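Worksheet: the structure to be examined is printed underneath.
What you are looking at is a predicted structure, and each value in this text was computed from that prediction instead of being measured.
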Amino acid sequence: MALLWALAVLSLLPLLDAQSPECANLMTVAPITNATMDLLSGKWFYIGSAFRNPEYNKSARAIQAAFFYFEPRHAEDKLITREYQTIADKCVYNCSFIKIYCQNGTLSKVESDKEHFVDLLLSKHFRTFMLAASWNGTKNVGVSFYADKPEVTQEQKKEFLDVIKCIGIQESEIIYTDEKKDACGPLEKQHEEERKKETEAS
């Protein structure tokens, strides 16, 4: 199960108490505009996550390191995704797309004939973002955290921890990746060289 989409299908928004100080820096994105899609364009690193759903939690624990590229397709309301995950010391590559539901601020991806939804949450710095799993009571609540660099600042990490606290997850439930265990660098370099040759040929 891909790291971005180990998520349930209900809305997180009722959980986000505007009066809670832990939720003060959180911005849910609705609608998602072309400018929002451009903001997400480029390379991102998967920093960590916390899932109450046992299946998703198990999947997250298997990921040693991960990064991915988003390429917006405005006219189609899609993000082309090239994802590199290190699992069991091996690189797993996947290219797919994410559907964007602009008006309600959600993203989705179909896996195993099922469409999985997430809410897009932006920090005040716009150099990190989170994908929020929906909830059923507290059974399936979860959040995954991404940044434009493999290591985050203390301030950026605090924003993630505030969201975790905001939705009722304990800090001890967080599973972090380790960029030092990344095994996808060589494949990423190979893909970059192939795309460069294709661009030059065209």
Do Leu121 and Phe129 have side-chain heavy atoms sitting under 4.5 Å apart?
-> no
Nearest heavy-atom approach of Thr36 to Pro31 is OG1-O, 4.5 Å
Looking only at heavy atoms, which two atoms of Arg52 and Glu173 are closest? And how far apart?
-> NE-OE1, 2.6 Å
Side chain proximity check, Phe117 to Leu107, heavy atoms < 4.5 angstrom | no
Please assess Val141 against Ile169 for the test side chain to side chain contact (heavy atoms under 4.5 Å, CB included), listing each intermediate value before the final yes or no.
-> CA-CA 8 Å; Val141 67; Ile169 294 180; 3.9 Å; yes
Side chains of Lys109 and Lys99: does their closest heavy-atom pair fall under 4.5 Å?
-> no
Close side-chain approach of Trp44 and Asp148, heavy atoms under 4.5 Å = yes
Name the orientation class of the two ring planes belonging to Tyr146 and Phe68 (parallel below 30°, tilted from 30 to 60°, perpendicular beyond 60°).
-> perpendicular
Got Thr86 and Thr177 here, is their nearest side-chain heavy-atom distance under 4.5 Å?
-> no
List in chain and number order the residues that pass side chain to side chain contact (heavy atoms under 4.5 Å, CB included) with Arg61, two or more places apart in sequence or in another chain; answer none if no residue qualifies.
-> Asn57, Ile175
Drop me the distance from Lys158's NZ to Lys165's NZ, to the nearest 0.5 angstrom.
-> 8.5 Å
Can you list the residues that meet the side chain to side chain contact (heavy atoms under 4.5 Å, CB included) rule with Ala147, with sequence neighbours excluded?
-> Ile47, Thr128, Val152
Can you tell me if Gln64 uses its side chain to pair, donor with acceptor, with the backbone of Ala88 under 3.5 Å?
-> yes
What pairs with Ile174 under side chain to side chain contact (heavy atoms under 4.5 Å, CB included), at least two apart in sequence or on another chain?
-> Ala50, Phe160, Leu161, Ile164, Glu171, Tyr176
I would like to know whether Ile100 and Lys78 meet side chain to side chain contact (heavy atoms under 4.5 Å, CB included); could you show each step before the answer?
-> CA-CA 6 Å; Ile100 298 176; Lys78 291 180 181 179; over 6 Å; no
To the nearest 0.5 Å, how far apart are CG in Leu79 and OG in Ser41?
-> 8.5 Å
In this structure, CD of Gln103 is separated from CG of Asp77 (nearest 0.5 Å) by 9.5 Å
Heavy atoms only: give me the nearest Arg127-Lys149 pair and the separation to one decimal.
-> NH2-CE, 3.2 Å
Go through the structure and list residues passing salt bridge (charged side-chain N to carboxylate O under 4.0 Å, His left out) with Arg73, not counting sequence neighbours.
-> Glu71
Verdict with supporting geometry, Glu179 and Glu151, side chain to side chain contact (heavy atoms under 4.5 Å, CB included) | CA-CA 8 Å; Glu179 194 267 340; Glu151 296 183 0; 5.7 Å; no
Find the distance between OG (Ser144) and CZ (Phe51) and round it off to the nearest 0.5 Å.
-> 4.5 Å
Closest approach of Ala65 and Asp178, non-hydrogen atoms and distance?
-> CB-O, 3.4 Å
Specify the closest pair of heavy atoms between Phe145 and Met130, including all atoms of both residues, with the distance to one decimal.
-> CD1-CG, 3.8 Å
Arg82 and Tyr93, any side-chain heavy atoms less than 4.5 Å apart = yes
Using the test salt bridge (charged side-chain N to carboxylate O under 4.0 Å, His left out), find all partners of Lys58 that sit at least two apart in sequence or belong to another chain.
-> none
Check: residues 183-192 side-chain donor-acceptor pairs under 3.5 Å, at least two apart:
unit_1: Glu188; atom_1: OE2; unit_2: Lys43; atom_2: NZ; d: 2.9
unit_1: Glu188; atom_1: OE2; unit_2: Tyr69; atom_2: OH; d: 2.2
unit_1: Gln190; atom_1: NE2; unit_2: Glu194; atom_2: OE2; d: 3.1
unit_1: His191; atom_1: ND1; unit_2: Tyr84; atom_2: OH; d: 2.7

Side chains of Thr106 and Leu120: closer than 4.5 Å at any heavy-atom pair?
-> no
Of all heavy-atom pairs linking Ile80 and Cys95, the shortest is CG2-SG, 4.5 Å
Just wondering, do Asp38 and Thr33 contact through their side chains at under 4.5 Å, heavy atoms?
-> no
